[in-house]
Q: 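Got a structure for you, written out below as structure tokens; questions coming shortly.
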Amino acid sequence: MIKTLLCIFLLSISSFALTLDQVRETLKSSPFSQDSVEMSIRTTVSSSAGKQVVSVYMVKKGSSKTYAEIKAPFLNQRSIVNGTRMKVIDLSTNKFQILPYNGEVLKSEKYARFNPLDSGDWREPVFVSENLYRITGSKGVLYYDSKKKRIERFENNESKAQSLTTFVYDAENNLKTMNVSVVAGGVETKVTTEILALRSSKNFPDKIFEF
């Protein structure tokens, strides 16, 4: 009788088990993971040295066309990718160059990466409580809400630095803000990334990619 009850209990747990593949597949439905999206992002870095603001505007039309602008104290640049060619424009001088493109990640794209599961090695989710699961990987530990189908926070404890990333969503479950706190050598740096606009890129003109 006890063995039977134990089997039923184990089966009931396994039937509600969440897999890493399921989490990754769910997160792929996010607009940030799609290849036809237009977005505007503002990132503010605050530290003891002061504050810096980076503004990013990026458009993806399919897998081969990307339009990106990044405006920051250290860079003021526009990049247009069409297939295997890329036009890079210095917005401060309007000088440009056309270069071969082999798929490398643009500087602007690094600011639009919100999913830690996109890279690195990760273990299967472990149930914590209610709808919350813990996923441990080579880059840290993230917590995923299986009911709301979203990442709640990400913790990374390295030998020289500790970081905590929290995610803020609107009433429709769309990511609006990502807050990162990094502590290294007793000094804290805060990075706040705000999604100012996010929509389909279907109305963005194709002629922009002609050069």
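Keep in mind that the numbers below use all heavy atoms, side chains included, and drop hydrogens, waters and symmetry copies.
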Q: When you look at CZ of Arg24, are more than 12 heavy atoms from neighbouring residues, nucleotides or ligands closer to it than 6.0 Å?
A: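 Enclosed.
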
Q: Is there side-chain contact between Thr166 and Phe154, with heavy atoms separated by less than 4.5 Å?
A: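 Not in contact.
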
Q: Cut-off 3.5 Å, side chains only: do Ser119 and Lys139 have a donor facing an acceptor?
A: yes

Q: Assess the side chains of Glu188 and Ser181: does a donor N or O sit below 3.5 Å from an acceptor N or O?
A: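 There is such a pair between these side chains.
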
Q: Whether the side chain of Asp145 engages the backbone of Glu152 through a donor-acceptor N/O pair (distance < 3.5 Å, no angle test) should be reported.
A: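 Checking the backbone N and O of Glu152 against the side chain of Asp145, no donor-acceptor pair under 3.5 Å is found.
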
Q: With heavy-atom distances below 4.5 Å as the criterion, would you say the side chains of Lys61 and Asp206 are in contact?
A: yes

Q: Surrounding CG of Asp170 (heavy atoms of other residues, nucleotides or ligands, distance under 6.0 Å), is the total greater than 12?
A: yes

Q: What is the distance from atom NZ of Lys176 to atom CD1 of Ile195, rounded to the nearest 0.5 Å?
A: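 Between atom NZ of Lys176 and atom CD1 of Ile195 there are 7.0 Å.
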
Q: So for atom CZ, which belongs to Arg42, do other residues, nucleotides or ligands contribute more than 12 heavy atoms lying within a distance under 6.0 Å?
A: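 Open: at most 12 neighbouring heavy atoms sit under 6.0 Å from CZ of Arg42.
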
Q: Testing the 3.5 Å rule here: is there a donor-acceptor pair between the side chains of Thr193 and Thr43?
A: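 Side-chain D/A pair, Thr193 to Thr43: present.
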
Q: Treating Thr192 as the side-chain partner and Asn179 as the backbone partner, does any N or O pair qualify as donor plus acceptor under 3.5 Å?
A: no

Q: Determine, using the 4.5 Å side-chain heavy-atom cutoff (strictly less than), whether Tyr144 and Val128 are members of one ILVMFWY cluster.
A: no

Q: So Ile80 and Phe211, do their side chains get closer than 4.5 Å, heavy atoms only?
A: yes

Q: Taking a hydrophobic cluster as the set of Ile, Leu, Val, Met, Phe, Trp and Tyr residues connected by side-chain heavy atoms closer than 4.5 Å, whether directly or through intermediates, do Val54 and Tyr67 fall within one such cluster?
A: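 No, Val54 does not connect to Tyr67 through the hydrophobic network.
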
Q: Any carboxylate oxygen within less than 4.0 angstrom of a Lys/Arg side-chain nitrogen, looking at Asp118 and Arg113?
A: no

Q: Is there a side-chain contact between Ile41 and Leu196 (heavy atoms, below 4.5 Å)?
A: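 Not in contact.
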
Q: Do Val23 and Leu117 come within less than 4.5 Å of each other through their side chains, counting heavy atoms only?
A: yes

Q: With sequence neighbours left out, what residues match Phe167 under ring-ring contact (aromatic ring centres under 6.0 Å, His included)?
A: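 With sequence neighbours excluded, Phe167 shows a ring-ring contact (aromatic ring centres under 6.0 Å, His included) to no residue whatsoever.
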
Q: Just wondering, more than 12 heavy atoms not from Lys71 lying within 6.0 Å of its NZ?
A: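 Atom NZ in Lys71 is not crowded, with 12 or fewer foreign heavy atoms closer than 6.0 Å.
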
Q: Find out if a path of hydrophobic residues (ILVMFWY) with successive side-chain heavy-atom gaps under 4.5 Å connects Phe114 to Ile135.
A: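 Yes, it is one cluster - the side chains of Phe114 and Ile135 are joined through contacts under 4.5 Å.
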
Q: Near Glu104 CD, under 6.0 Å, is it more than 12 heavy atoms from other residues, nucleotides or ligands?
A: yes

Q: Does Ser201 use its side chain to pair, donor to acceptor, with the backbone of Phe204 at less than 3.5 Å?
A: no

Q: Got a donor-acceptor contact below 3.5 angstrom from the Glu124 side chain to the Leu20 backbone?
A: yes

Q: Quick one about Glu38 and Tyr57 (side-chain donor to acceptor, distance below 3.5 Å, no hydrogens or angles considered), yes or no?
A: yes

Q: Would Tyr101 end up clustered with Met58 when hydrophobic side chains under 4.5 Å apart are linked, directly or stepwise?
A: no

Q: Evaluate the salt bridge (charged side-chain N to carboxylate O under 4.0 Å, His left out) criterion for residues Lys65 and Glu210: first the C-alpha distance (whole Å), next the side-chain angles of each, then the deciding distance (0.1 Å), finally the verdict.
A: CA-CA 10 Å; Lys65 295 179 180 179; Glu210 298 173 4; over 6 Å; no

Q: Spell out, yes or no, whether Leu164 and Leu142 are grouped together once hydrophobic residues are joined by side-chain heavy atoms under 4.5 Å, including indirect joins.
A: no

Q: If the condition is side chain to side chain contact (heavy atoms under 4.5 Å, CB included), which residues does Val141 pass it with, not counting sequence neighbours?
A: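 Listed in chain order: Arg134, Thr136, Tyr143.
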
